[in-house]
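Worksheet for the structure shown next.
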Amino acid sequence: TSRISMAGDEALIFATIKTRVMALKRQTGQVVWEASVSDKLPYRCTNNDCLRVVDQRVIVLAGDGGLYGLDAQSGRTVWNTRLNSTPDRLYVINDQVAVFDERDDEVVLSIIDPADGSERQAVKPVCAGRSSSMTDEASLDSLVLVDPDQKSFYILFGRSEGRRGGKGW
């Protein structure tokens, strides 16, 4: 089976089917452009988490770790890069794209400029516990909650000790 993911702006709706990305006129459904990416969306992508529209870029996360910035009006690939891992969602924070990736056996939240694909910052989320043995780090499937104004965000990860000593999330 193939997944369909959709996002949009005022005039266009953007959709992915397998490795195809397309723009359709919102009013008529007419196809404006089609483009291809290296792989279909990651299996775990849901709720349009791997297709985002930021400024004049359609950002697509492919299942092989390819990350693409397409021009929203023409479909031309403006930039693409290969992540070291295959995360299952993209975030938009302060008009920048954010995605978890692995670097030297650590997980970072990479902040990417949607205009040119350059990395603006890499943040290693860590939660220090009461002792050094209780330090927790983010994983590829950690969750980011973004405020509606997209200026603030919160990363959810970590563990707690249950009554019987078992670890839980």
Side-chain angles (χ1 to χ4, degrees), residues 1-103 107-123 125 138-156:
T1 65
S2 62
R3 294 196 139 158
I4 297 174
S5 189
M6 299 177 75
D9 65 14
E10 299 81 32
L12 299 173
I13 295 172
F14 306 97
T16 61
I17 302 173
K18 296 186 179 181
T19 62
R20 291 184 348 197
V21 183
M22 63 185 93
L24 302 106
K25 287 185 180 178
R26 186 177 286 275
Q27 296 293 326
T28 65
Q30 176 186 5
V31 175
V32 177
W33 56 258
E34 286 190 44
S36 294
V37 295
S38 59
D39 196 6
K40 60 186 185 241
L41 299 184
Y43 175 73
R44 292 177 44 192
C45 275
T46 60
N47 300 324
N48 307 322
D49 289 335
C50 295
L51 177 69
R52 301 289 185 162
V53 181
V54 185
D55 283 337
Q56 289 298 308
R57 296 288 180 263
V58 178
I59 310 299
V60 182
L61 176 61
D64 61 358
L67 185 62
Y68 295 82
L70 308 176
D71 180 80
Q73 299 305 309
S74 69
R76 178 180 62 89
T77 300
V78 177
W79 57 266
N80 69 358
T81 189
R82 177 86 42 204
L83 300 173
N84 296 319
S85 57
T86 306
D88 59 6
R89 64 181 59 109
L90 298 170
Y91 301 96
V92 178
I93 302 170
N94 201 20
D95 295 325
Q96 303 288 300
V97 177
V99 62
F100 283 111
D101 197 14
E102 290 180 321
R103 309 268 172 83
V107 173
V108 298
L109 184 64
S110 178
I111 310 298
I112 299 168
D113 185 337
D116 62 11
S118 63
E119 184 176 75
R120 295 294 183 201
Q121 187 174 12
V123 179
S139 66
L140 290 175
D141 56 353
S142 293
L143 185 62
V144 177
L145 301 177
V146 182
D147 274 354
D149 67 1
Q150 295 184 359
K151 304 293 184 211
S152 301
F153 65 96
Y154 309 90
I155 302 173
L156 305 180

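All values below come from the heavy atoms of this structure, side chains included, with hydrogens, waters and symmetry mates left out. Throughout, numbering of the chain's residues begins at 1 and tracks the sequence.
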Quick check: closest heavy atoms across [X] and [Y], and the distance to 0.1 Å?
X      : Y      : result
Phe100 : Pro125 : CE2-CG, 4.3 Å
Val107 : Ala138 : CB-O, 3.4 Å
Ala15  : Leu24  : CB-CD1, 4.5 Å
Arg89  : Asp141 : NH1-O, 4.3 Å
Cys50  : Asp88  : SG-O, 3.6 Å
Leu156 : Ser142 : O-CB, 3.6 Å

Does [X] reach the main-chain N or O of [Y] with its side chain, forming a donor-acceptor pair under 3.5 Å?
X      : Y      : value
Asp101 : Ser85  : yes
Asp147 : Asp149 : no
Arg52  : Val92  : no
Trp33  : Ala72  : yes

To the nearest 0.5 Å, how far apart are [atom1] in [X] and [atom2] in [Y]?
X      : Y      : atom1 : atom2 : result
Leu145 : Ser152 : CG    : OG    : 12.0 Å
Leu67  : Leu61  : CG    : CG    : 6.0 Å
Leu140 : Asn84  : CG    : CG    : 10.0 Å
Asp95  : Lys151 : CG    : NZ    : 5.5 Å
Leu143 : Ile155 : CG    : CD1   : 10.0 Å
Ile93  : Leu109 : CD1   : CG    : 5.5 Å

Contacts of [X] that satisfy salt bridge (charged side-chain N to carboxylate O under 4.0 Å, His left out) - sequence neighbours left out:
X      : answer
Asp71  : Arg57
Asp39  : none
Glu102 : none

**Item:** Ser38 versus Asp64, side-chain donor and acceptor atoms under 3.5 Å
**Value:**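 Indeed, the side chains of Asp64 and Ser38 share at least one donor-acceptor pair under 3.5 Å.
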**Asked** Picking from Val58, Val32, Ile17, Leu12, what satisfies side chain to side chain contact (heavy atoms under 4.5 Å, CB included) with Met22?
**Response**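 Among the candidates, only Ile17 passes.
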**Qualifying residue for side chain to side chain contact (heavy atoms under 4.5 Å, CB included) with Leu51, from Leu90, Thr16, Ile59** =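 The passing option is Thr16.
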Is any side-chain heavy atom of [X] closer than 4.5 Å to a side-chain heavy atom of [Y]?
X     : Y      : answer
Gln96 : Asp113 : yes
Trp79 : Ser118 : no
Tyr68 : Val21  : no

